[in-house]
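When reading the values below, keep in mind they use all heavy atoms of this one structure, side chains included, and skip hydrogens, waters and symmetry mates.
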Amino acid sequence: MKRFASLALALLSLAALPLRAQQEVTAFALVVHADALDAGFWAEELRQADLLFAPANVRFVQSGEVRTGDAIGPIDDRNARDRLAALVERTRAGEPSQIHVFVTDRLADVDAPGERGGVHWRFRRRRSTHYILLSSHTWPTTLAHELGHYFGNPHSRTPNNIMSYARDGTTPPFFDAQQIRRIRAFRTRFVRAGVEHGSP
């Protein structure tokens, strides 16, 4: 029952917003780094992210070409995650800031044995540099989950919330009202910092 109450609260909060605020949509650019990228996999990750971020008036577009020449390889430890920061900062030189997503065939869990579907990672030497790591065989909503972290949201204990690991399939994944407000606040902050593609 609490799950449905959270979803209803999110919808009521959106309805209370001024019409102009509800209609303004900001599109953020994603720069994708991958040795090879399955078009169907990536299209579904983007579709799910757009669907889940729609209540916050945010969408995502791929910026430029997929960078197939960057030999990312397996990302097995923290140092391998940190090394990707150089690619982010190199791309930034002389360009507006964008959200970088690295897709790899192997993304190790650095805290426990096994692999991860995705990670929002901050470069340990300069935490203002952050990016998303994505396994090429993860769930279709993993990108949305990691973008949720990128826009300031921690994990949730509410089942079926997109920021929760608990899914029972009774409702589609969602952001609650508080998470949507946080995304909107980060959207404003990112636009001011130049992390924007433009308004469609």
Are Leu147 and Phe41 connected into the same hydrophobic cluster when the rule is that any two of I, L, V, M, F, W, Y join if their side-chain heavy atoms are below 4.5 Å apart?
yes
Between CD of Gln62 and CG of Leu37, what distance do you get to the nearest 0.5 Å?
7.0 Å
I would like to know whether Gln48 and Leu143 meet side chain to side chain contact (heavy atoms under 4.5 Å, CB included); could you show each step before the answer?
CA-CA 8 Å; Gln48 292 289 339; Leu143 176 63; over 6 Å; no
For Leu52 versus Pro173, what's the shortest heavy-atom pair and its separation?
CD2-O, 3.1 Å
Tell me whether Thr104 contacts the main-chain N or O of Gly73 through its side chain, where contact means a donor paired with an acceptor under 3.5 Å.
yes
Let me check something: do Val191 and Ile183 share a hydrophobic cluster, defined by ILVMFWY side-chain heavy atoms less than 4.5 Å apart, either directly or through other members?
yes
Is the His145 ring parallel, tilted or perpendicular to the Tyr165 ring (thresholds 30°, 60°)?
parallel
Could you pull out the closest heavy-atom pair between Ser156 and Gln179, with the gap in Å?
CB-NE2, 4.0 Å
Beyond-backbone contact of Val103 with Ser136, side-chain heavy atoms, under 4.5 angstrom:
yes
Should Leu133 and Val110 be counted in the same cluster of Ile, Leu, Val, Met, Phe, Trp and Tyr side chains packed under 4.5 Å apart?
no
Side-chain touch Asn161/Phe174, heavy atoms, less than 4.5 angstrom:
yes
So do Pro154 and Arg182 actually touch side chain to side chain, heavy atoms under 4.5 Å?
yes
Nearest 0.5 angstrom please: Phe53 CZ to Phe60 CZ, how far?
4.0 Å
Any side-chain heavy atom of Val88 sitting closer than 4.5 Å to one from Phe102?
yes
For the pair His100 and His33, name the ring-plane relationship: parallel under 30°, tilted 30 to 60°, perpendicular over 60°.
parallel
Does Tyr131 use its side chain to pair, donor to acceptor, with the backbone of Phe123 at less than 3.5 Å?
no
Are Val101 and Leu51 connected, step by step, through hydrophobic side chains (Ile, Leu, Val, Met, Phe, Trp, Tyr) whose heavy atoms are closer than 4.5 Å?
no
Min side-chain heavy-atom separation Leu30-Leu46 under 4.5 Å
yes
Can you name the closest pair of heavy atoms from Asp77 and Ala80 and give their distance?
OD1-N, 2.8 Å
Expected output: side-chain Arg187 to main-chain Asn57 donor-acceptor under 3.5 Å:
yes
Angle between ring planes, Tyr150 versus His130, binned at 30° and 60°: parallel, tilted or perpendicular?
parallel
If you measure from OG on Ser128 to CZ on Arg122, what distance do you get to the nearest 0.5 Å?
8.0 Å
Check this for me, if you would: do Asp111 and Arg78 make a salt bridge, where the nitrogen-to-carboxylate-oxygen distance has to be below 4.0 angstrom?
yes
Cationic tip of Arg189 above Phe186 ring, under 6.0 Å, 45° of axis
yes
Sorted by first residue and then second, give each salt bridge (charged side-chain N to carboxylate O under 4.0 Å, His left out) pair with at least one member in residues 38-58; sequence neighbours left out.
Glu44-Arg47
Closest approach of Thr138 and Gly117, non-hydrogen atoms and distance?
OG1-CA, 3.2 Å
Expected output: side-chain Asn160 to main-chain Asp168 donor-acceptor under 3.5 Å
yes
List for me each residue that meets side chain to side chain contact (heavy atoms under 4.5 Å, CB included) alongside Thr188, sequence neighbours excluded, and say none if there are none.
Arg192
What distance separates Arg116 CZ from Ile75 CD1, expressed to the nearest 0.5 Å?
12.5 Å
Distance from His137 atom NE2 to Asp105 atom CG, nearest 0.5 Å?
7.0 Å
Point-to-point distance, once rounded to the nearest 0.5 Å, from CD1 of Ile162 to CZ of Arg167
4.5 Å
Test log, rule ring pair (Phe, Tyr, Trp, His ring centres under 6.0 Å), inputs Phe151 and Phe175:
CA-CA 12 Å; Phe151 279 75; Phe175 285 112; 9.0 Å; no
Nearest heavy atoms of Asn153 and Met163, plus distance in Å
O-CE, 3.6 Å
